[in-house]
Amino acid sequence: MSSPGNEIRITLPDGSVRTTTRGSTGADVAASIGAGLAKAALAVKVDGELKDLDWPIQKDAKVEIVTRKSEEALDLIRHDTAHLLAQAVQALYPGTQVTIGPNIEDGFFYDFARNEPFTPDDLPKIEAKMRELVAADLPTKRTVWERDKAVAHFRGLGEQYKAEIIQDLPANEEVRVYYHGDWHDLCRGPHLMSTAKIGLGFKLTKIAGAYWRGDAKNAQLQRIYGTAWRDEKELAAHLQRLEEAEKRDHRKIGKEMHLFHIQEEATGQVFWHPKGWALYRTVENYIRRKIERGGYNEVKTPQLIDRKLWEESGHWENYRPNMFIAEVDEGTDHARRILAVKPMNCPGHVQIFKQGLKSYRDLPLRLAEFGACHRYEPSGALHGIMRVRSFVQDDAHIFCTEEQIVDETKKFVELLTEVYRELGFESFITKLATRPELRGGTEAQWDHAETALENACKTIGLPYTINPGEGTFYAPKLEFVLRDAIGRDWQCGTIQLDYVLPERLDAEYIAEDGNRRRPVMLHRAIVGSLERFIGVLIEHHAGKFPVWLAPVQAVVATIVSDADAYAKEVTAHLKLSGLRVETDLRNEKINYKVREHSLAKVPYLLVAGRKEAEERTISIRRLGSEKQETMSLDALTNLLIAESTPPDLR
RNA sequence: GCUGUUGUAGCGUAGUGGUAGCGCAACGCCUUGGUAAGGCGUAGGUCGUGGGUUCAAUUCCCACCAACAGCACCA
C-alpha cells in the first residue's frame with residue numbers, strides 16, 4: 001500500500017504514522033519529531049535496516065531513530081572508532097595500508113600493513129590523534145563509486161589490500177566510499193554523521209600480529225585493538241571489569257594459593273603442589289564415581305606405543321607433528337625401535353575392545369580412562385594450565401551399534417549437564433560442529449550422525465548453535481564450551497561420532513544375524529582435560545571454592561598458646577573425618593590470622609582461644625562473613641562433613 | 001610456529017655503564033593479644049642463559065630459552 005505521488009508514509013515505533021515527502025532522510029524525520037531527538041540522532045533504522053542519517057527514504061517504511069541510548073549505538077560507535085583509528089594511523093604513519101576493521105565483543109580492531117612495527121608507545125600517540133579528529137568534528141559523506149574506478153583508485157594510492165577487497169565484493173553490491181573530512185575509506189556503512197558524534201569513550205588496548213584473511217600462509221599484518229563505549233564513564237566501567245577479571249586469572253591464583261607451578265625445563269607441563277593436587281584428585285574421584293554409575297568400565301593403557309599402531313590408526317600420517325617420539329636401542333644390530341608417546345587414548349581402547357570376540361550383547365561397551373596424553377602444541381598456544389603439552393583427559397570410548405547412537409548420545413549429554421551443574425556451571429554453550437569440506441564416510445552416515453547429535457540436544461532441551469564445517473574429518477561433534485574470567489571460551493566437553501577408526505583398526509562384533517559388523521565409536525569427554533577444567537574452575541570460583549573442592553577446607557587458629565594442645569586435638573579429630581584441615585599456632589594476633597586465611601580463601605576459620613579450650617567448643621568464621629558463631633566440636637564436625645560431601649554423595 | 005612486549009630474592013616490584021634497593025613472606029627476639037597487617041632485628045640475589053662491545057656490563061649489541069598479548073592451531 002504505497003502512498004501516491006511524492007508522499008510516503010512513515011511508521012514510528014510507537015505505531016504513529018507520519019506523512020512526509022519521498023526522499024526524506026532519517027535526520028528530517030527526527031527533526032520533525034523534535035529538536036532534542038534531532039540532536040541525539042546517530043543513525044536510522046528503516047524497515048529494520050540500519051542506515052545513515054542522511055539516507056533518502058524512498059518508500060513507505062517503518063522508521064526508528066537510533067540514538068546513543070539505543071542498543072545499536074555501541075556497534076555504530078565502535079565501527080566509527082575503527083575508522084577513526086585508521087584515519088589517525090594514516091595521518092601519523094603515511095604509507096601504511098589499511099585492510100579491514102570490524103567490530104568485536106566490547107570493541108573493534110583494525111589491521112594494517114606497514115613495514116615498521118607499531119610499538120606500545122605508539123598507542124597513546126594514535127589515541128591523541130583520534131581525539132584531535134573527534135574535536136575537529138569532521139563531517140561524514142557517503143559516495144558510491146564505479147567498481148573498476150574504485151579498484152584503480154585504491155591501487156593508485158598503494159592500497160593493495162583495499163583494491164583486493166573491492167574486487168572480491170559480490171557483483172550486486174554497491175561500492176561505497178565514506179569520507180570523514182578529507183580522509184576516505186571503502187565501507188558498507190552506516191556511519192555517524194561526523195567524527196564528533198563518536199565521543200571520547202574509547203581506548204586503544206593492544207597490538208598484535210594477525211594474518212591477512214586469517215590464514216597463516218598469508219602475510220602477517222599488524223592489528224590494533226581498541227574498546228569503545230557510549231561515553232567515558234562506560235569506558236571506565238569496562239576497564240574496571242577487565243581489572244576484576246585479571247584478579248581471577250588461574251595463573252595468578254594458582255601461584256597465590258600454592259596450587260601448581262610451571263617452569264622452563266618442562267614447558268607446557270604442570271608441577272602440581274600438594275594443595276593443587278588435592279583439588280585435582282577431588283575432581284578426578286568425583287568424575288570417576290559419575291562414570292562408574294554411568295555404566296563405564298575404567299581401564300588404563302600404555303604411554304608408549306610402537307609406531308606401527310600409530311601408522312595403522314592414521315595418527316602417524318595425520319598427527320605426526322604433534323607427537324612426542326621416543327627412540328630406543330634394541331641392543332642388537334643397532335636396531336632402533338620407534339615409539340610414540342600417546343597423544344590420544346582411542347587406539348589403546350580399540351586394542352582392549354579387540355581382545356576376545358565381541359557380541360552385539362556386549363554393546364554398548366563403554367571404556368573410560370583418565371588417560372595422560374602428550375601433544376607437542378605450538379609454543380604460542382601454551383596458556384597456564386589451560387593449554388598444555390601434557391594433560392589427562394576424562395576420556396571414554398563407547399563402542400555401539402548404529403541404532404544405539406541416539407540413546408548413547410542422549411545419556412552422555414545428560415551426564416555432562418549434571419556434572420557441570422554439580423561443579424557449579426549453570427551455563428555453558430553447546431555447539432554442533434557439522435561436516436567439514438574434507439571428510440571420510442558416506443553422506444548417509446553424516447546425515448545420520450548429525451541428526452543423532454541434534455536429536456540428543458532436542459530431547460533433553462539443550463540449546464545449541466551450529467558450528468558449520470568444524471567437525472573432524474571422521475565425525476561431527478558436539479562441543480561444550482565454558483567461558484573463563486577474561487571472556488575467553490574453552491572447549492571442555494565433546495562427543496564425536498567415529499566411523500573411521502573402527503575400520504582402520506579393524507574392530508568388529510558379531511551381530512544378531514551372525515554376521516561380523518563394525519561398531520560405531522563415540523569419543524567423549526566431559527571435562528575434557530583435567531588441567532584445563534581445573535583452570536576454568538579456579539577462574540569460575542575466583543579461588544573461593546565450595547568446601548568440597550577447597551584445597552584447605554578449614555584452618556584451626558589459636559588466640560593464645562594455652563590453646564595449642566586443644567587446637568591440635570581439634571585438627572586431628574577433623575582430619576580423621578577426612579577433612580583437609582591445617583593448624584595455625586603461630587605467635588601472631590588473631591587479626592593477623594583472620595586476614596591471612598581470608599586472603600588465602602580458606603572457607604572456614606576455626607578459632608580456638610582459652611574459652612573454647614575450656615568449654616571444648618570452637619568459634620567459626622566463614623569466608624566472606626564477619627559473623628562469629630560458637631559451637632560444640634561435634635556440631636562443628638557434622639557441619640563440616642555435610643558441607644564437604646561431594647554433591648553426588650549428598 | 002608468526003608479530004610485538006617482557007625476564008632483578010619464594011611472591012610483588014625500583015634502579016643504574018663503576019658488580020643492586022623496597023614491600024610482603026621466611027628466620028630470631030620481644031609481645032599471649034578475641035576476629036582483616038603488634039614491635040625490633042637477621043638472612044636471602046653469579047639481575048633468564050650464552051656470546052660480544054668496553055678499563056668496567058644487571059644496564060649497550062647479538063643469539064638462544066621462557067613468559068605475556070594477539071594471530072594461527074586445539075582438550
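Quick note: numbers below take in every heavy atom, side chains included, and nothing from hydrogens, waters or symmetry partners. Just so it is clear, the model here is predicted, and its values are computed rather than measured.
Judged by distance alone with a 3.5 Å cut-off, a donor-acceptor contact links the side chain of Arg621(A) to the base of rA36(B). Between the side chain of Tyr211(A) and the base of rG1(B) there is at least one donor-acceptor pair of N/O atoms closer than 3.5 Å. Within 3.5 Å, a donor on the side chain of Arg387(A) pairs with an acceptor on the base of rC74(B), or the reverse. No hydrogens or angles were tested; on distance alone, nothing pairs the side chain of Gln263(A) with the base of rA67(B) as donor and acceptor under 3.5 Å. Below the 3.5 angstrom threshold, one finds no donor paired with an acceptor across the side chain of Glu377(A) and the base of rC74(B). Between the side chain of Gln220(A) and the base of rG1(B) there is no donor-acceptor pair of N/O atoms closer than 3.5 Å.
For the P atoms, the distance linking rU49(B) with rG45(B) amounts to 14 Å, nearest Å. When the C1' atom is compared between rA57(B) and rA72(B), the two are found 39 Å apart, to the nearest whole Å. Annotation: rU59(B) and rU19(B) have their P atoms spaced 14 Å apart (nearest Å). Comparing the same atom, C1', in rA43(B) and in rA9(B) gives a spacing of 11 Å after rounding to whole Å. For the C1' atoms, the distance from rU35(B) to rA25(B) is 22 Å, rounded to whole Å. Comparing rA66(B) with rC24(B), their C1' atoms are spaced 26 Å from each other, to the whole Å. rU42(B) sits 44 Å from rG4(B) when the C1' atoms are compared, rounded to a whole Å. Comparing rG39(B) with rU32(B), their P atoms sit 15 Å apart, to the nearest whole Å.
Of the side-chain N and O atoms in Tyr592(A), one or more sit less than 4.0 angstrom from OP1 or OP2 of rA25(B).
Between Trp229(A) and His238(A), the ring-plane angle classifies as tilted under the 30° and 60° cut-offs. Below 30°, between 30° and 60°, or above 60°: for His250(A) and His383(A) the angle between ring planes is between 30° and 60°, a tilted geometry. By the 30° and 60° cut-offs, the orientation of the rings of Trp277(A) relative to Tyr280(A) is parallel.
Applying the salt bridge (charged side-chain N to carboxylate O under 4.0 Å, His left out) rule to Lys431(A) yields no partners; only residues at least two apart in sequence or on another chain are considered. In this structure, the salt bridge (charged side-chain N to carboxylate O under 4.0 Å, His left out) partners of Lys247(A), at least two apart in sequence or on a different chain, are Glu244(A). With sequence neighbours left out, Glu588(A) forms a side chain to side chain contact (heavy atoms under 4.5 Å, CB included) with Arg586(A), Tyr592(A), Lys593(A).
Taking every heavy atom of residues 106-116 of chain A and every atom of RNA chain B, no pair lies under 4.0 Å.
With Met521(A) as reference, Asp498(A) is the one residue of Val500(A), Leu497(A), Leu505(A), Asp498(A) to meet the side chain to side chain contact (heavy atoms under 4.5 Å, CB included) rule.
Applying the salt bridge (Lys or Arg N to Asp or Glu O under 4.0 Å) test to pairs two or more places apart or on separate chains, none has a residue in residues 258-269 of chain A.
Note on Arg389(A): nothing from the nucleic acid sits closer than 4.0 angstrom, heavy atoms only.
By the criterion of a centre-to-centre distance under 5.5 Å and near-parallel planes under 30°, the ring of Phe118(A) forms no stack with the base of rG4(B).
Rounded to whole angstrom, the span from the NZ atom of Lys255(A) across to the P atom of rG12(B) amounts to 4 Å.
Taking a pair as Watson-Crick or G-U with both hydrogen-bonding distances under 3.5 Å, the stems of three or more pairs touching RNA chain B are B:1-7 with B:65-71, B:10-13 with B:21-24, B:26-30 with B:38-42, B:48-52 with B:60-64.
Listed here is the closest heavy atom pair of Leu279(A) and Leu549(A): CD1-O, 3.4 Å.
The 5' end of RNA chain B is approached more closely, in terms of each residue's nearest nucleotide, by Thr630(A) than by the other of Gln496(A) and Thr630(A).
Here Glu408(A) does not pair with Arg524(A) in a salt bridge; the nearest charged N to carboxylate O distance is not below 4.0 Å.
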